[in-house]
Protein chains: 2
Amino acid sequence: MNKEIIIVDDHQLFTHSLQILVNSFEGFEVSRTFKNGEELVHYFNENKTPSDLILLDMRMPIMNGLETMAWLKQNLPEQKVLALTVDQEDEHIIKMLRLGCRGYLLKDIDPEMFEHALNSTINTGYFTNKTISDAMSHEERKKNYHALTGREMEFLTHACSEKTYKEVAKDMNLSPKTVENYRESLFSKLQVRSRVGLVMFAIKEEIFKV
Amino acid sequence: MNKEIIIVDDHQLFTHSLQILVNSFEGFEVSRTFKNGEELVHYFNENKTPSDLILLDMRMPIMNGLETMAWLKQNLPEQKVLALTVDQEDEHIIKMLRLGCRGYLLKDIDPEMFEHALNSTINTGYFTNKTISDAMSHEERKKNYHALTGREMEFLTHACSEKTYKEVAKDMNLSPKTVENYRESLFSKLQVRSRVGLVMFAIKEEIFKV
DNA sequence: ATAAATAAGGGGAATTTTCCCCTTGTTGTG
DNA sequence: CACAACAAGGGGAAAATTCCCCTTATTTAT
């Protein structure tokens with residue numbers, strides 16, 4: 001018996017080609033497709049049996065990926081879902097995983113890897129990849145970010161400049177060696193390995209405005 | 001005979017206190033105040049003689065600083081204008097100067113400098129300060145930015161990472177020394193003095209998205 | 001056709017950044 | 001009280017960045 005896959009995506013062209021691809025895999029079959037979350041919900045309201053797997057797009061009109069996932073968590077918690085999307089938005093990834101999503105694929109994945117992801121999700125329940133672990137580590141960073149001390153924050157904003165650390169030290173009225181301690185401490189807290197990493201973190205978190 | 005100053009600003013409180021300040025200066029007198037550009041235009045439509053100087057706020061309801069300056073350029077080109085504003089928006093500064101504005105002051109200027117600015121504008125016709133030269137140099141940078149070669153652009157995006165230049169060279173299939181040339185070339189074109197400068201430029205210009 | 005700009009590459013040296021590990025008060029907080 | 005966490009400081013060394021000049025083809029304008 002083939003595993004039944006549901007595709008939810010508003011891009012018709014993509015849905016259809018994906019359908020062909022999935023059908024070409026041994027043991028898989030696309031049973032249904034929907035253009036947005038609402039259509040999927042309508043379907044499940046008629047028919048409360050989960051499919052083997054849902055491939056869920058994130059950006060959709062009417063009812064997007066997150067909303068759909070939230071509904072599924074409430075109403076069909078055992079339903080396995082793989083998010084399938086164009087952009088790596090870490091916030092979304094984390095939220096989706098919290099809502100019980102089994103994996104998060106970028107649409108530029110190669111077909112072989114995609115087939116592996118389908119198998120892994122259906123057999124082991126989960127599929128984890130770099131996209132997800134990256135998002136997780138960013139999440140981890142954020143936790144750590146809230147643990148920065150006032151002085152570290154100050155240093156961080158000073159680091160977002162063309163000043164050398166020696167100059168930063170002068171500006172902060174500190175010894176260059178103390179500044180060096182803040183740098184090391186931030187590197188480990190924020191899990192970056194260079195000053196550029198610090199700067200990009202600060203800008204991403206809007207600690208420093210460009 | 002006192003020099004006659006017109007103030008155009010929507011913040012009543014500011015206008016009034018500024019008026020007192022200007023009147024306290026030797027040889028200056030606020031002849032009129034308006035709450036926005038439109039009021040000023042109405043006035044000049046009745047009375048086509050330029051004042052000695054207009055102090056023009058940028059952010060105003062109905063007719064803002066830029067629009068007002070554009071009107072003045074058309075209708076009263078000999079009118080001297082000093083822009084007076086809260087924020088250094090380089091784009092605006094450049095536009096204002098192109099429209100014939102004689103100077104651009106931030107409202108946090110100290111009174112002594114302000115008096116100097118008034119004198120300088122009325123006597124020499126212009127007042128130039130750091131605000132303006134900064135804006136100019138950013139403008140200069142932008143010009144240069146459009147002159148970046150494809151390879152330089154590539155390097156620039158690679159530089160926005162925690163990779164070392166050696167690693168960047170590997171990624172770009174180049175010798176570290178060639179990468180070094182791109183770096184030097186960008187430093188001089190973009191007028192930065194460190195990799196952090198490159199990164200901040202790239203982010204500001206949205207060459208690299210955070 | 002010829003000068004100028006671009007792309008690619010390099011030598012050598014001074015600074016800066018990064019790493020690893022260590023000390024000493026001060027400030028909490030269970 | 002005690003033990004942890006924080007702020008401030010440092011030694012020494014390896015690695016990366018930055019600076020200043022120089023070369024050689026290839027394109028591209030004039």
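A, B, ... follow the sequence lines: proteins, then strands. Residue 1 opens every chain. Keep in mind that the numbers below use all heavy atoms, side chains included, and drop hydrogens, waters and symmetry copies.
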Rounded to whole angstrom units, what separation is found between the [atom1] atom of [X] and the [atom2] atom of [N]?
| X | N | atom1 | atom2 | value |
| --- | --- | --- | --- | --- |
| A:Glu162 | D:dT18 | CD | C1' | 12 Å |
| B:Leu148 | C:dT6 | CG | P | 10 Å |
| A:Glu184 | D:dA7 | CD | C1' | 15 Å |
| B:Glu152 | C:dA5 | CD | P | 14 Å |
| B:Asn181 | D:dA25 | CG | C1' | 14 Å |
| A:Tyr182 | D:dC6 | OH | C1' | 9 Å |
| B:Lys177 | D:dT23 | NZ | P | 15 Å |
| B:Arg195 | C:dT15 | CZ | C1' | 17 Å |

Got [X] and [Y] here, is their nearest side-chain heavy-atom distance under 4.5 Å?
| X | Y | answer |
| --- | --- | --- |
| B:Arg183 | B:Val179 | no |
| A:Met58 | A:Asn64 | no |
| A:Phe34 | A:Ile54 | no |

Those residues of residues 165-174 of chain B lying under 4.0 Å from DNA chain D by at least one heavy atom: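 Contacting residues: B:Tyr165, B:Lys166.
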Do the side-chain N and O atoms of B:Glu152 and B:Ser185 include a donor-acceptor pair separated by under 3.5 angstrom?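 Per modelled atom types, B:Glu152 and B:Ser185 side chains form a pair under 3.5 Å.
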Please identify which of these residues, B:Asp52, B:Asn123, B:Leu53, B:Leu105, meets the side-chain contact (heavy atoms from CB on, under 4.5 Å) condition with B:Leu118.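 Of B:Asp52, B:Asn123, B:Leu53, B:Leu105, side-chain contact (heavy atoms from CB on, under 4.5 Å) with B:Leu118 is met by B:Leu53 alone.
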[N] OP1/OP2 closer than 4.0 Å to side-chain N/O of [X]:
| X | N | result |
| --- | --- | --- |
| A:Thr149 | D:dA7 | yes |
| A:Arg183 | C:dC19 | yes |
| B:Arg151 | C:dA7 | no |
| A:Ser194 | D:dA16 | no |
| B:Thr178 | C:dG9 | yes |

Any Lys/Arg nitrogen of A:Lys177 or A:Glu180 sitting under 4.0 Å from an Asp/Glu carboxylate oxygen of the other?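 Between A:Glu180 and A:Lys177 there is no salt bridge, as every charged N stays at least 4.0 Å from the carboxylate O atoms.
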How about NZ on B:Lys107, more than 12 heavy atoms from neighbouring residues, nucleotides or ligands closer than 6.0 Å, or not?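 Yes, NZ of B:Lys107 has more than 12 neighbouring heavy atoms, counting only those of other groups under 6.0 Å.
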Can you check whether any acceptor in the base of C:dC20 is under 3.5 Å from a donor in the side chain of A:Glu180, or vice versa?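 No.
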